[in-house]
Amino acid sequence: MKNREISEIFEKIGDILEFKGDSSFRVNAYRKAARVLQDLTEDIEVIHQEERLRSIPGVGEGIAKKIAEYLATGRMTKYEEVRKGVPDELIRLLGIPGMGPKTVALIYRKLGIKDIENLEKAVKEGRLRDLPGLGAKKEENILRGIKLMREAGKRISLGVALPLVERIVDDLKRRAKVSQVYPAGSLRRMKETVGDIDILATGTDGGRIIEAFTSGPGVRDVLASGETKGSIIAEGGIQVDLRVVPQSSYGSALQYFTGSKAHNIHLREIAKSRGMKISEYGIFRGEQRLGGKREEDIYSTLGLSFIPPELREDRGEIKAAQEGKIPQLVEDGQIKGDLHVHSKWSDGTASIEEIALKAREMGYEYIAICDHSQSLKFAGGVSIEDMAKKLEEIERVNEKIEGIRVLSGTEVDIKTDGTLDYPDELLERLDLVVAAIHTGFKQPEELITKRIVSGLENPNVDIVAHPTGRLISSREGYSVDLGKVFSVAAEMGVALEINAYYDRLDLNDIACRRAKEQGVKLSIGTDAHHIDQLWMMRLGVAVAKRGWLGPEQLLNTWPLERLLAWLKTRGG
DNA sequence: GCCGTTTTCGGCCCGACTGTTTTCAGTCG
């Protein structure tokens, strides 16, 4: 898939044109195309072959031609033209918070500065303050911006951000006079990573609330502090923004600050075309306020059905809401079990009994113990002899503990040659077989895909785990042809996993939606190695929702009997 | 550069904060 490559080129064209002072509308057009391409569930080459490029929103005659040129030749004339005479490092200066295209252009033109090192030097020598529109304060800000960019810049995983924001919200409730405090932004949309944290509060004295916020514990730096808005850098380098609005605007403010930006722009366009206006203070026709107390007001006034936060990415949800076709999404409470958990038998820390008790406490009907297979020595892979003992233990636990069914399973390794790490006779004895790749990540796409396909084709395999192998904090996934994997999975009736472990979240939202479109079943597993990681099911459910999945496509919303019946129709 | 239940041309989301400004431009989300 060349979707991402092309998306990145359009993004860069947008940056360069902005720097050059080109029309902001043209800049936005490129950026919109970049984003839409990034979000596409289909392969751009297929779309091109079928002459459907123009049907992509944001792709018109010009952009379509450029995509076609790139797919045919591997080059884009427009990109090569615009970047002439614009050093790459100059464009990188735009990444410094507080440095926009105007400032970058100014210092380049007047002082010849085109990289961070020289910019820092010039600031320290006080050479910027004499330029028109700049002063000593601005120099100070730029220096801070450089520092920020160097140390931060990284998005953090949702699983890390959630506990952090809960602490901040609790602190605000204790220390400030607020009526309501609620996280908004990408966190509320449950995006897999968040770049900053947005919090919304209601109260009468905005200034005091902001002051309490900016002077709270764990504040490393204050970026802005006004009557309704404050921005801080929290410990760990993540930016947290707080907005305070009156109670009467709570709904519209929550809608506005939840985003995404693209979703909101689209809504505002619709509002405008109907003579209305949306802001964080409500939805208006002229001076008349039509709504805003409740978030639903915004959508209903525009004639849309309510759109859950997880879908607000401008990936077709607005059109779906216009047509009343927003799907029923899976909910946390519908999850009846976890289908991927490790125990002491491999590299987990809990006993099967401890896991079973915790699962029952969480209200599950079943939980599958899926330890690593024999070859994975570094992960305590279970030998064939130990597997027999483990099965006996599971039986004992099932007899002893009421109200929860422990399923015997394995996370069997798909070896580099595509064969499985246990003989079929053993796999047949298990309730559930999860197969996955753990080695040979550097193999070429064709080989990796072939390995996964041979896993899918083994009649004993029920689920293929973490299909792309990516780690959010540290590793891109291996190269795999997901289209091929989806079609074989659909054909063989094998489920693919949404791995809910906070650093994996694999498959991701877009891939989930594509899998659903191709008729693939999915399954959420936490891959927990401790019982205090079982809560991450929530993260997996979030990915599923963002992938437009309902309970029907997810194995682990099924009651035990239905799941067992399905497993029975398969091998094993 | 895109797009059309106001338009094939003339629009293109809206508001807050900051710093350098005597009324606003730049930046951000």
Side-chain angles (χ1 to χ4, degrees), chain A residues 10 13-14 17-19 21-36 53-67 78 82 93-107 128-142 144-145 148 184-186 194-200 206-207 210 214 222-231 239-245 249 252-253 255-284 298 303 314 322:
Chain A
F10 286 146
I13 292 178
L17 291 182
E18 180 174 51
F19 165 74
D22 207 323
S23 145
S24 62
F25 303 113
R26 188 175 291 117
V27 170
N28 280 337
Y30 277 107
R31 287 187 174 153
K32 179 170 187 190
R35 187 183 58 74
V36 170
L53 285 179
R54 296 285 301 274
S55 73
I56 302 170
V59 176
E61 193 184 346
I63 300 248
K65 266 189 188 161
K66 292 177 179 76
I67 295 172
K78 173 78 177 180
V82 296
L93 291 183
L94 291 171
I96 300 171
M99 292 278 287
K102 295 289 193 310
T103 316
V104 172
L106 182 71
I107 60 158
L128 259 55
R129 65 185 64 183
D130 299 331
L131 297 177
L134 301 185
K137 278 266 175 106
K138 188 79 188 170
E139 284 182 338
E140 215 174 281
N141 277 343
I142 291 174
R144 187 167 62 182
L148 277 178
S186 51
V194 300
D196 62 7
I197 292 173
D198 296 291
I199 300 174
L200 180 68
I210 298 292
T214 54
V222 178
L223 301 179
S225 178
E227 286 299 304
T228 65
K229 182 182 169 182
S231 275
Q239 182 171 335
V240 185
D241 297 336
L242 175 70
R243 293 289 298 247
V244 183
V245 298
S249 308
S252 47
Q255 194 288 321
Y256 174 66
F257 292 116
T258 297
S260 66
K261 188 174 174 177
H263 173 89
N264 285 353
I265 287 176
H266 196 158
L267 284 188
R268 286 169 182 211
E269 281 167 1
I270 293 176
K272 189 158 189 165
S273 75
R274 300 186 188 172
M276 296 186 260
K277 186 186 79 167
I278 304 174
S279 77
E280 56 263 57
Y281 301 109
I283 179 162
F284 302 87
I298 307 296
D314 196 24
Q322 282 170 329

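Here is how names work: the chains are called A, B, and so on, in the same order as the sequence lines, proteins then strands, and each is numbered from 1. All figures in this text were calculated on a predicted structure; none of them were measured in a lab.
Protein atom CG of A/Leu242 is 14 Å distant from nucleotide atom C1' of B/dG29, rounded to whole Å. Per the geometry, NE2 belonging to A/His263 stands 15 Å off C1' belonging to B/dC14, to the nearest Å. Counting to the nearest Å, the P atom of B/dT27 and the CG atom of A/Asp196 are 19 Å from each other. To the nearest angstrom, C1' of B/dG29 lies 19 Å from CE of A/Met99. Between the CD atom of A/Glu18 and the P atom of B/dG1 there is a distance of 16 Å, given to the nearest Å. Atom CG in A/Asp130 sits about 18 Å away from atom P in B/dG19, given to the nearest Å. Rounded to whole Å, the distance from CZ on A/Arg35 to P on B/dC2 is 15 Å. If you take CG of A/Asp241 and P of B/dG15, they are 19 Å apart, rounded to a whole angstrom.
Nucleotides B/dC28 and B/dT22, compared at atom P, are 23 Å apart to the nearest Å. Rounded to a whole angstrom, the distance from the P atom of B/dC17 to that of B/dT7 is 39 Å. Taking atom C1' on both B/dT8 and B/dC3, the two are 9 Å apart, rounded to the nearest angstrom. The separation of B/dG11 from B/dA16, taken at their P atoms, amounts to 25 Å, rounded to a whole angstrom. Comparing B/dT5 with B/dG1, their C1' atoms sit 24 Å apart, to the nearest whole Å. B/dT23 and B/dT18: their C1' atoms are spaced 15 Å apart (whole Å). Between B/dT6 and B/dC2, the two P atoms lie 23 Å apart (nearest whole Å). Taking atom C1' in both B/dT27 and B/dT21, the straight-line distance is 16 Å, to the nearest Å.
Within the structure, a side-chain polar atom (N or O) of A/Tyr281 is placed less than 4.0 Å from OP1 or OP2 of B/dA16. Residue A/Asn28 has no polar side-chain atom (N or O) positioned under 4.0 Å from OP1 or OP2 of B/dG1. In this model, the phosphate group of B/dC12 is approached by a side-chain N or O of A/Lys272 to a distance below 4.0 Å at OP1 or OP2. Phosphate proximity of B/dC28 to A/Ser231: absent, as no side-chain N or O sits under 4.0 Å from OP1 or OP2. Using a 4.0 Å cut-off, no side-chain N or O of A/Lys261 falls inside it from OP1 or OP2 of B/dC28. Here A/Arg26 reaches the OP1 or OP2 of B/dG1: one of its side-chain N or O atoms lies under 4.0 Å away. Taking 4.0 angstrom as the limit, A/Lys78 places a side-chain polar atom (N or O) nearer than this to OP1 or OP2 of B/dG1. Contact check, A/Lys32 against B/dC3: no side-chain N or O comes under 4.0 Å of OP1 or OP2.
Heavy-atom minimum distance, A/Ser231 versus A/Gln239: OG-NE2, 3.7 Å. Minimum interatomic distance between A/Leu267 and A/Ile298 (heavy atoms only, all atoms of both residues): CD1-CG2, 4.5 Å. Between A/Ile63 and A/Ala29 the shortest heavy-atom distance is CD1-O, 4.4 Å. Considering all non-hydrogen atoms of both residues, A/Pro132 and A/Leu106 come closest at O-CD2, 3.7 Å. Closest approach of A/Ile210 and A/Gly230 over heavy atoms only: CD1-N, 3.5 Å.
Toward the 5′ end of DNA chain B lies the nearest nucleotide of A/Ala29, the other residue of the pair A/Ala29 and A/Ile96 mapping further downstream. Comparing A/Ala136 and A/Glu280 against DNA chain B, the residue whose closest nucleotide sits nearer the 5' end is A/Glu280.
Applying the Watson-Crick and G-U wobble criteria (two distances, each under 3.5 Å), B/dT18 pairs with B/dA25.
Nearest nucleotide to the side chain of A/Ile63, out of B/dG1, B/dC14, B/dG19: B/dG1. Checking B/dG1, B/dG19, B/dG29 against the side-chain heavy atoms of A/Lys137 singles out B/dG19 as nearest.
Residue A/Leu134 is in sugar-phosphate contact alone, with no base atom involved, counting any heavy-atom pair closer than 4.0 Å across all strands shown. A/Val59 comes within 4.0 angstrom of sugar-phosphate atoms only, judged by non-hydrogen atoms across all strands, and of no base. Looking at heavy-atom distances under 4.0 Å, A/Asn264 makes no contact with the nucleic acid at all. Among the atoms of the strands shown, none is found under 4.0 Å from any heavy atom of A/Arg274. Contacts of A/Tyr30 with the nucleic acid, taken as non-hydrogen atoms under 4.0 Å apart, involve only primed sugar atoms and P, OP1 or OP2.
Without hydrogens or angle criteria, A/Ser249 side chain to A/Ser252 main chain gives no donor-acceptor distance under 3.5 Å.
Within the 4.5 Å cutoff, no side-chain heavy atoms of A/Thr258 are placed close to those of A/His263.
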Sequence neighbours left out, cut at 3.5 Å: what donor-acceptor pairs do the side chains of residues 271-279 of chain A make with other protein atoms?
{"from": "A/Ser273", "atom 1": "OG", "to": "A/Ile270", "atom 2": "O", "distance (Å)": "2.7"}
{"from": "A/Arg274", "atom 1": "NH1", "to": "A/Leu302", "atom 2": "O", "distance (Å)": "2.8"}
{"from": "A/Ser279", "atom 1": "OG", "to": "A/Tyr281", "atom 2": "N", "distance (Å)": "3.0"}

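Annotation: A/Glu61, atom CD; neighbour count of heavy atoms from other residues, nucleotides and ligands within 6.0 Å does not exceed 12.
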I'd like a list of close polar pairs between nucleotides 22-26 of chain B and the protein, N/O only, cut-off under 3.5 Å.
{"from": "B/dG26", "atom 1": "O3'", "to": "A/Thr103", "atom 2": "OG1", "distance (Å)": "3.4"}

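A side-chain donor-acceptor contact under 3.5 Å links A/Asn141 and A/Arg144.
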